[in-house]
There are 2 protein chains.
Amino acid sequence: MQKTSARLLALLSLLQARRDWPGALLAERLRVSPRTVRRDVERLRELGYPIATFKGPDGGYRLDAGTQLPPLLFDDDQAVALAVALQLATTSGVGVEEAAVRALHTVRQVMPVRLRHRVDGLQVTAVERPGTPQVSGDVLMALGAAVHAREVLRFTYTSQETRRVEPYHLVARGGRWYLVAWDLDRDDWRVFRADRISPRTPTGPRFSPRQLPGGDVAAFVTGRFRGSDGTVGWPCRGEVILDLPAAVVSRHTHDGVVEELGPDRCRLVLGSWSWTALAAAFGRFDADIEVVGPADLRDAFALLAHRYATAARTAPTPEQGGGRTG
Amino acid sequence: MQKTSARLLALLSLLQARRDWPGALLAERLRVSPRTVRRDVERLRELGYPIATFKGPDGGYRLDAGTQLPPLLFDDDQAVALAVALQLATTSGVGVEEAAVRALHTVRQVMPVRLRHRVDGLQVTAVERPGTPQVSGDVLMALGAAVHAREVLRFTYTSQETRRVEPYHLVARGGRWYLVAWDLDRDDWRVFRADRISPRTPTGPRFSPRQLPGGDVAAFVTGRFRGSDGTVGWPCRGEVILDLPAAVVSRHTHDGVVEELGPDRCRLVLGSWSWTALAAAFGRFDADIEVVGPADLRDAFALLAHRYATAARTAPTPEQGGGRTG
DNA sequence: GAGGAAGCGGACAGGGTTTGACCGCTTCTC
DNA sequence: GAGAAGCGGTCAAACCCTGTCCGCTTCCTC
């Protein structure tokens, strides 16, 4: 058994996948002692692979990009990932369903039988969730290409205004696609919905990249959705104070901003498409509510109070079923 | 220097560089006996490399995959699908993130340059949406395998009850994973959340497949979510009548059951995790509410009416921002 | 500037692996 | 049917690989 060679190949594959690998983690993954990992790294270096190492915390090993690698093979995990990913792509919101099916089929063919079985055993039915807009693969390609080439992008947004932006990142989140870009006309960072973008050709000149505030795209986008601006995008938004720990509240809210005010007290900002809906949304937390504002929200609370009181007065129909767990 | 591993990698390179290699030549190049070459080839095969051999004169060894004429003939669409799917898999809710990255690298390697560029041009940042439970790849594999093998599956659900089911389909929907199965204990079709399943080994005997009502899994699952049984699974569920067209209501609800009662009147059944939350959920529709039942729901409406009235009486703080569109 | 986290690499013993040699068999082509 | 090429079993001896132990260095943080 050539455990060593296999491990060396696996090590290469791992080093490819991730920017920095601490030695201890690699040791765990490869099921050997850290000492052996060091030896393996040394071996690969002797074989000509440029593996850099960074000391100190956050250090680890890194395979320099642009390396000519031996043909690596799929391992079990990759097979599963392929099967899952490609079958899931059916609901990615990108028009690649059929291509994904074909790609899976193609890849399957170059797999060893064992992995092929693994893939075959994992048949997934992907069910589209209603309300997710579709992005065409071509648009996505165009956006991706502009990002990659660092070329100024011109596009029509929401089929009206034309924008000029420096595109930085293509982001997928919860079935939707976004383009993170610097808006040249407004001089600010913006997150555009990819499904509303119609790129115009040709793309503009190259730009020199700017620093994204915070540096981390994921954090930036998440921030746009739930950070201090997490509730923009809704026509109505308002703020209340709840007699609940912040932790409890944030467990039940996905799109608002929760701020701790005390052990059993927190501030909550939510957004919704109407004042009534917004007021109702605050009701889901079983706690007393103190409205901070705006006045529209207060009015909505008053309205709902009246409506709920009326509802509570309607005659009971006892035969209706109660709760039930499935 | 570990000769063996180095030689194995060298052998891979050689096989990659040239179409056919007679064993004797390889032996000479690698400075080992022909016997060792045969062993090396065997080793590579054990590692999964598809090395074909041709006997007779002009015979020799050939690496099937990874050569520049790979059987991996992706077209542009497949390349895009792979790139999208695998980068997206990061947020699939399955623990395959790193494996997906590696898989993408692996296929990338055996692609023609043009497609490789295409893949490289489409870099996606996948942002996880909070609140989506993770399913382990192993569990998914186990479920998939049982479905594939048509074997009765035993598992612990929500870490308490043990179930015996005939598994039929693995379904992904909106970032969550479900198992559609026939529950042997309750004698009925059920949809289980994969993240709550802990499969138990071994799986039971084979079963002969049943006909899924309706025949279409996608339709079946969608039906479970918004159809006649869409509200099971919640600890509390209740029913109201709204003064709104059914169409308007169903546009704003994804998990309840809407039934038309007239042009401007409909019945709505919803589920939630508490009576208060349930009552609040009904409030999001801007219309008068008539409670059908159960009594708990009515009480919750009364409670909320009082709470909302109190909230509406708190002193306004005018400087709070109003609505805004992004 | 002290402490700690992380990587480096020497030494060593025990145990598993690898190699070349030899050999008889099979398969394919001419 | 002969010859070329690959297949694979067996064996003993050489080889190497691994985990453990340990003292050093580097770099970050407090």
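These figures come from a predicted structure and were not determined experimentally. We use all heavy atoms of the structure for the numbers below, so side chains are in, but hydrogens, waters and symmetry mates are not. Here is how names work: the chains are called A, B, and so on, in the same order as the sequence lines, proteins then strands, and each is numbered from 1.
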I'd like to check the salt bridge (charged side-chain N to carboxylate O under 4.0 Å, His left out) partners of [X]; sequence neighbours left out, ordered by chain and number.
X: B:Arg35; value: none
X: B:Arg193; value: B:Asp195
X: A:Asp243; value: A:Arg265
X: A:Arg210; value: A:Glu166

Seminar exercise, completed: Picking from D:dT18, C:dT18, D:dG6, the nucleotide nearest the side-chain atoms of B:Thr53 would be D:dG6
What is the separation between atom [atom1] on [X] and atom [atom2] on [N], rounded to the nearest whole Å?
X: A:Leu25; N: C:dG7; atom1: CG; atom2: C1'; value: 15 Å
X: A:Arg7; N: C:dT17; atom1: CZ; atom2: P; value: 12 Å
X: B:Arg43; N: C:dG16; atom1: CZ; atom2: C1'; value: 13 Å
X: B:Tyr61; N: D:dA5; atom1: OH; atom2: P; value: 12 Å
X: B:Leu44; N: C:dT18; atom1: CG; atom2: P; value: 12 Å
X: A:Arg62; N: C:dA6; atom1: CZ; atom2: C1'; value: 15 Å
X: A:Asp40; N: C:dG9; atom1: CG; atom2: P; value: 14 Å

Exercise. With sequence neighbours left out, which residue pairs that include part of residues 7-16 of chain A fulfil the salt bridge (charged side-chain N to carboxylate O under 4.0 Å, His left out) condition?
Worked result: A:Arg7-A:Asp40
Exercise. If you pin A:Glu42 and A:Ser5 to their nearest nucleotides in DNA chain C, which one's is more 5'?
Worked result: A:Glu42
side-chain N/O [X] vs [N] OP1/OP2, d < 4.0 Å:
X: A:Arg39; N: C:dC8; result: no
X: B:Thr4; N: C:dT17; result: no
X: B:Lys3; N: D:dC16; result: yes

Exercise. Is a donor on one side and an acceptor on the other found under 3.5 Å between the side chain of A:Ser13 and the backbone of A:Leu9?
Worked result: no
Problem set entry | Residues in side-chain hydrogen bond (donor to acceptor under 3.5 Å, both in side chains) contact with A:Ser33, at least two apart in sequence or another chain | A:Thr36
Problem set entry | Nucleic acid contacts of residues 26-38 of chain A, taken as heavy-atom distances under 4.0 Å to DNA chain D | A:Val32, A:Ser33, A:Arg35, A:Thr36
For this session: Would you check if A:Leu153 and A:Leu179 make a side-chain contact, meaning some heavy-atom pair closer than 4.5 Å?
Result: yes
For this session: Determine to 10° how strongly the helix from C:dG1-D:dC30 to C:dC30-D:dG1 is bent, judged from the axes of its five-pair ends.
Result: 60°
Which pairs of donor and acceptor atoms, one on a side chain in residues 80-88 of chain B, lie under 3.5 Å apart (sequence neighbours left out)?
residue : atom : partner  : partner atom : Å
B:Gln87 : OE1  : B:Val124 : N            : 2.7
B:Gln87 : NE2  : B:Ala83  : O            : 3.4
B:Gln87 : NE2  : B:Leu122 : O            : 2.5

